> 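Structure incoming, see below.
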Amino acid sequence: MNKYSFPSKKEENSNHSIDMKEENTEPSNERQLNFLEEIIERDLSNGTCTSILTRFPPEPNGYLHIGHAKSICINFGLAKKYGGKTNLRFDDTNPVKEDTEYVDAIRQDIHWLGFDWASEHYASDYFDQLYEWACVLIRRGLAYVDDQTLEEIRENRGTITTPGKDSPWRNRSTEENLDLFQRMKAGEFPDGSKVLRAKIDMASPNMMFRDPIMYRILHARHHRTGDKWCIYPMYDYAHGESDSIEQITHSICTLEFDIHRPLYDWFIQQLGIFPSHQYEFARLNINYTVMSKRKLLQLVQEGHVNGWDDPRMPTICGFRRRGYTAESIRNFAERVGVAKRDNIIDYSLLEFSLREHLNKVAQRRMAVLNPVKLVIDNYPEEKVEMLPAVNNPENADDGMREVPFCRELYIEREDFMENPPKKYFRLSPGQEVRLRYAYFVTCNNVEKDAEGNVTCIHCTYDPATRGGDAPDGRRVKGTLHWVSARHAVDAEVRLFDRLFATEAPDEAPEGKTFLDNLNPNSLNVLHGCKLEPSLTLARTYGEEKDSLPADRAWEPEHFQFERLGYFCLDKDAVSGKWVFNRSCTLKDSWAKLNK
RNA sequence: UGUCCUAUGGUGUAAUGGUAGCACAACUGACUCUGGAUCAGCCAGUCUAGGUUCGAGUCCUGGUAGGACAACCA
């Protein structure tokens, strides 16, 4: 193929720009294929498979986080793109860590992200089949019961650079192994006294091949199979076979499993069952956060956050409560790409994806977070005007609303300075600014308390500027948001900063843990914030939860508080006791100037 | 002193032997009733040493750096 014969992307676009206005804007259709897509297209075109079936296999031992969201988008996205399907399979082979609480939450999160699975499975559904196959392997001399203790097994496994030693039980007869394995299943032996191992090679350079454990004895109640089993299969024995049973064509997982792949293939080959194949991609990392279930669980259990859905958590439910939209997370997952090299994504890419979506759909409202009173001395005492305001300048269909205006208002304390620096466009003595959708006002004087804090700003307004335009064409540099004092609704507003103060919180110095990297100021709760009254129309969780199916999550309404950021109602809010979360700020070039 | 994976601007990600491109971030400007949005511009990259080739980010060899593997976790 001669590259010179092709026009560049730019030229192509400009040639067709007139016809392309309504073109599909899905980014995935425009970019180059990632390596998984290449594999799938190859398999589809050379007849390795005629359709694809992927799977998302969470262990129900915790809540899903943004890293899982990437995996979900890859697995479901690939199937969707190539006309295939995706199964949801709960990898529930370790009863001591798993619980149905997590099963329900996982279902909700996947649905919320916008995906539906073809069918739902559990590794525990396959316990009988897995047991049968273990017996097959024993009969073929490929598995044996080992009586060594945990310590002996560890000792004899050798190290990365030295080979292991064969177990003294490695050459038991088939009959004895079968008998012992059957009695393990029957519950004759205590936990830890015996395991079933694959007989491969104790000297293999791949540690996974040093007679990996297939079954352990665990007298534990399983959240689905109850007390039926007291032996449970290990991940390496269960996973590939589960894929095979479901006839998964492309089993996609993260990089740390690449060393497991030869073993995954070994079990499938020895058993001669459906040849699923495993492919690995680099897991998602984001700076200023942690992404391990163990650490997230610790944050919850030790009370460093207020639950799995704390808006500062990188969990899917945390992002949802924070006000992230599913679309923004899907777009984020698309942007981070799929490759095999380790990566740390900048948090700003997440915020960009959110702003990009919310800018298009969020209704604009006015709210004052840190209020100070402003009195318009020449405005009639009792007068109230209902001023029209645009709901969303990005979408004319969203129409207008009316906002009450009167003599006494609240404005943001930061929007007034008695001695302003250069380039400060907001209110200061003698300075004229616009009150958005209302009038031009000029500051005359201020009242202060004993400590010198401004308690009230006195202004005069120009009646000719109603609606925010001056008929004489004069202009102002600053436009402020405001709320009528008489009509304002009180609210609590929760502001969030990054949960960790350091870019790579996992990296703690000697004697410290990731907890020492927590940002002590990650939560800032404001009281006495002032909302424009129309915000009380927002739907609360309490009003809606009863009409929600069990597997569907509640989605708050998203607003932009003008000049402040994107906000949504928290699930704690009830009518009359309003609580809003800040999802993210607006880009703020003034704040940047002052850094 | 092992096996495997990986290496492209600050961060991600493309280029499939033939013009190193895109996004985010940063920066500059225009416009603006959100210091928002939008638009325009700009900075910045192939880990290293050899080899193959008319031509190497791409293929080969060595080195360097990072990661994974020694749970009866997944």
Side-chain angles (χ1 to χ4, degrees), chain A residues 1-4 8-9 27 30-34 38 57-59 61 91-94 96-98 146 149-150 153-154 157-164 191-197 204-210 213-218 232 234-236 238-239 253-262 280 282 287 293-294 335-353 355 359-360 364 366 389-390 393-394 423-426 434-438 467-469 475-481 560-565 585-593:
Chain A
M1 182 172 79
N2 182 359
K3 286 197 176 175
Y4 291 105
S8 74
K9 272 242 163 69
E30 296 171 10
R31 60 157 174 76
Q32 298 291 320
L33 300 181
N34 65 47
E38 283 177 356
E59 183 186 15
N61 69 342
D91 220 342
D92 55 350
T93 56
N94 186 3
V96 301
K97 286 167 70 181
E98 295 151 8
D146 193 349
T149 64
L150 193 150
I153 289 177
R154 187 178 301 153
R157 185 149 29 219
T159 70
I160 273 167
T161 51
T162 59
D191 288 3
S193 59
K194 285 178 170 45
V195 290
L196 183 73
R197 289 232 250 174
S204 172
N206 183 343
M207 299 295 290
M208 291 296 151
F209 271 25
R210 321 252 261 227
I213 292 167
M214 295 165 59
Y215 273 90
R216 76 282 214 186
I217 302 171
L218 230 44
Y232 290 93
M234 301 287 291
Y235 167 86
D236 282 300
H239 200 91
C253 61
T254 46
L255 239 36
E256 64 269 29
F257 290 101
D258 71 335
I259 199 150
H260 297 244
R261 188 179 353 102
E280 311 86 19
N287 56 7
K293 268 192 196 172
R294 201 204 93 229
R335 278 194 178 90
V336 300
V338 182
K340 294 193 78 151
R341 71 188 91 112
D342 295 328
N343 61 79
I344 302 173
I345 308 291
D346 206 290
Y347 198 91
S348 62
L349 188 62
L350 209 34
E351 294 196 317
F352 167 80
S353 301
R355 290 191 187 109
N359 177 49
K360 293 276 183 280
R364 270 58 169 178
M366 290 199 284
V390 175
E394 301 290 323
K423 295 219 183 157
Y424 185 83
F425 303 149
R426 285 114 99 144
R434 173 189 297 111
L435 295 175
R436 189 143 160 89
Y437 299 124
D469 280 311
R475 314 183 65 121
V476 289
K477 281 264 198 176
T479 300
L480 310 187
H481 62 278
Q560 185 195 101
F561 291 178
E562 296 222 20
R563 300 210 301 136
L564 297 174
T585 62
L586 257 25
K587 278 173 78 175
D588 187 348
S589 49
W590 168 246
K592 208 176 280 175
L593 247 182

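The sequence lines fix the lettering, A, B, ..., with proteins before strands; numbering per chain opens at 1. The structure presented is a predicted model; accordingly, all values stated were derived computationally and were not measured.
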> B:G2, B:U34, B:C73: which one has an atom nearest the side-chain heavy atoms of A:Leu586?
B:U34

> Should A:Ser589 be listed as having a side-chain N or O under 4.0 Å from OP1 or OP2 of B:G36?
yes

> Looking at A:Arg364 and B:U34, is any side-chain donor or acceptor paired with a base atom of the opposite kind under 3.5 Å?
yes

> Can you tell me, in whole Å, how much space there is between the C1' of B:U19 and that of B:U3?
41 Å

> Which part of the nucleic acid does A:Tyr437 contact within heavy-atom distance under 4.0 Å: base, sugar-phosphate only, or nothing?
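Base, at least one base atom sits under 4.0 Å.
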
> Provide, to the nearest angstrom, the distance between the CE atom belonging to A:Met214 and the P atom belonging to B:C73.
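Result: 15 Å.
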
> Answer syn or anti for B:A71, where the cut-off is 90° from 0 on the glycosidic torsion.
syn

> Identify whether any heavy atom of A:Glu562 sits under 4.0 Å from a base atom; if not, whether one sits that close to sugar-phosphate; answer base, sugar-phosphate or nothing.
base

> May I ask you to evaluate whether A:Lys592 reaches the phosphate of B:A26, defined as a side-chain N or O under 4.0 Å from OP1 or OP2?
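Affirmative; the distance criterion is met.
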
> By the 4.0 Å heavy-atom rule, please label A:Leu349 as base, sugar-phosphate, or nothing.
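Counting heavy atoms under 4.0 Å across all strands, the contact made by A:Leu349 is with sugar-phosphate only.
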
> What interatomic distance, in whole Å, is found between C1' of B:C4 and the corresponding atom of B:G41?
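The same atom, C1', in both gives a distance of 46 Å.
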
> What do you reckon, is CD1 of A:Ile344 surrounded by more than 12 foreign heavy atoms closer than 6.0 Å?
no

> Output yes when at least one side-chain N/O atom of A:Arg563 is less than 4.0 Å from OP1 or OP2 of B:G35, else no.
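Answer yes for this pair, as a side-chain N or O of A:Arg563 is under 4.0 Å from OP1 or OP2.
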
> Indicate whether the side chain of A:Ser204 and that of A:Asn206 have a donor and an acceptor atom separated by less than 3.5 Å.
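Absent: no donor and acceptor within the cut-off.
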
> Side-chain N or O of A:Lys360 versus OP1/OP2 of B:A37: is the shortest distance under 4.0 Å?
no

> Using atom P in both nucleotides, what's the gap between B:C72 and B:G10 to the nearest angstrom?
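Comparing P positions in B:C72 and B:G10 gives a spacing of 43 Å.
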
> What integer number of Å spans the P atoms of B:U46 and B:U58?
13 Å

> Quick check: do A:Val195 and A:Ile153 have side-chain heavy atoms less than 4.5 Å from each other?
yes

> Please work out if A:Lys293 contacts a base, only the sugar-phosphate, or nothing of the nucleic acid, heavy-atom cut-off 4.0 Å.
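Here A:Lys293 touches no strand at all.
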
> Assign A:Glu59 to base, sugar-phosphate, or nothing according to its heavy-atom contacts below 4.0 angstrom with the strands shown.
sugar-phosphate

> Checking A:Asp258 now: which residues fulfil side chain to side chain donor-acceptor pair (under 3.5 Å) with it, not counting sequence neighbours?
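Listed in chain order: nothing, the list is empty.
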
> At under 4.0 Å between heavy atoms, what does A:Phe257 touch on the DNA or RNA strands: base, sugar-phosphate, or nothing?
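The residue A:Phe257 makes base contact.
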
> If we take the P atom in both B:G9 and B:U48, what is their distance in whole Å?
11 Å

> Check every strand shown and say whether A:Tyr347 touches a base, only sugar-phosphate, or nothing at a heavy-atom separation below 4.0 Å.
nothing

> Considering every strand and a 4.0 Å limit on heavy-atom distances, what is the contact class for A:Thr149: base, sugar-phosphate, or nothing?
base

> Under 4.0 angstrom, heavy atoms only, what part of the nucleic acid is A:Lys194 near: base, sugar-phosphate, or nothing?
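Here A:Lys194 touches no strand at all.
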
> When you measure from the side chain of A:Met234, which nucleotide among B:G12, B:A26, B:C72 comes out closest?
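Closest of the options to the side chain of A:Met234: B:C72.
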
> Select one nucleotide: of B:C24, B:C73, B:A68, the one nearest the side-chain heavy atoms of A:Arg216.
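Out of B:C24, B:C73, B:A68, the nucleotide with an atom closest to A:Arg216's side chain is B:C73.
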
> Please tell me which of the listed nucleotides, B:G36, B:G2, B:G12, lies nearest to the side chain of A:Asn343?
B:G12

> State whether the distance check finds a donor on one side and an acceptor on the other, under 3.5 Å, for side chain A:Arg341 versus base B:G67.
no

> For the ring pair A:Tyr235 and A:Phe257, is the centre-to-centre distance below 6.0 Å?
yes

> Assess the residue pair A:Tyr232 and A:Thr93 against the criterion (side chain to side chain contact (heavy atoms under 4.5 Å, CB included)); give the C-alpha distance rounded to whole Å, side-chain angles, the decisive distance to 0.1 Å, and a yes or no.
CA-CA 6 Å; A:Tyr232 290 93; A:Thr93 56; 5.5 Å; no

> When the P atoms of B:U52 and B:A71 are considered, how many whole Å apart are they?
47 Å

> Which part of the nucleic acid does A:Thr159 contact within heavy-atom distance under 4.0 Å: base, sugar-phosphate only, or nothing?
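The residue A:Thr159 makes base contact.
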
> Show me the dot-bracket string of RNA chain B, counting Watson-Crick or G-U pairs under 3.5 Å, with | for pairs to another strand and [ ] for crossing ones.
.((((((..((((....[..))))..((((.......)))).....(((((..]....))))))))))).....

> Stacking here means centres under 5.5 Å and planes under 30°; does A:Trp590 stack on B:G35?
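One would call A:Trp590 stacked on the B:G35 base.
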
> Please say which of A:Arg364, A:Arg436, A:His481 ends up in a side-chain hydrogen bond (donor to acceptor under 3.5 Å, both in side chains) with A:Glu562.
A:Arg436

> Is A:Gln560 side chain donor-acceptor paired with the B:U34 base, going by distance under 3.5 Å alone?
yes

> Base, sugar-phosphate, or nothing for A:Phe425, non-hydrogen atoms under 4.0 angstrom?
base

> Between B:U61 and B:C73, how far apart are the C1' atoms? Round to whole Å, please.
40 Å

> Just to be sure I understand the rule, does A:Ile345 reach a base, reach only the sugar-phosphate, or reach nothing, if contact means heavy atoms closer than 4.0 Å?
sugar-phosphate

> Identify whether any heavy atom of A:Asn94 sits under 4.0 Å from a base atom; if not, whether one sits that close to sugar-phosphate; answer base, sugar-phosphate or nothing.
sugar-phosphate

> Provide the distance between the two P atoms, one in B:G66 and one in B:C47, to the nearest whole Å.
16 Å

> Can you check whether A:Tyr424 and A:Trp590 have ring centres sitting under 6.0 Å from each other?
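So the answer is yes for these two rings.
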
> Under 4.0 Å, counting only non-hydrogen atoms across every strand here, what does A:Arg426 touch: a base, just sugar-phosphate, or nothing?
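Touches a base.
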
> Should the heavy atoms of other residues, nucleotides or ligands under 6.0 Å from NZ of A:Lys340 be counted, would the total exceed 12?
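Atom NZ in A:Lys340 is crowded, with more than 12 foreign heavy atoms closer than 6.0 Å.
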
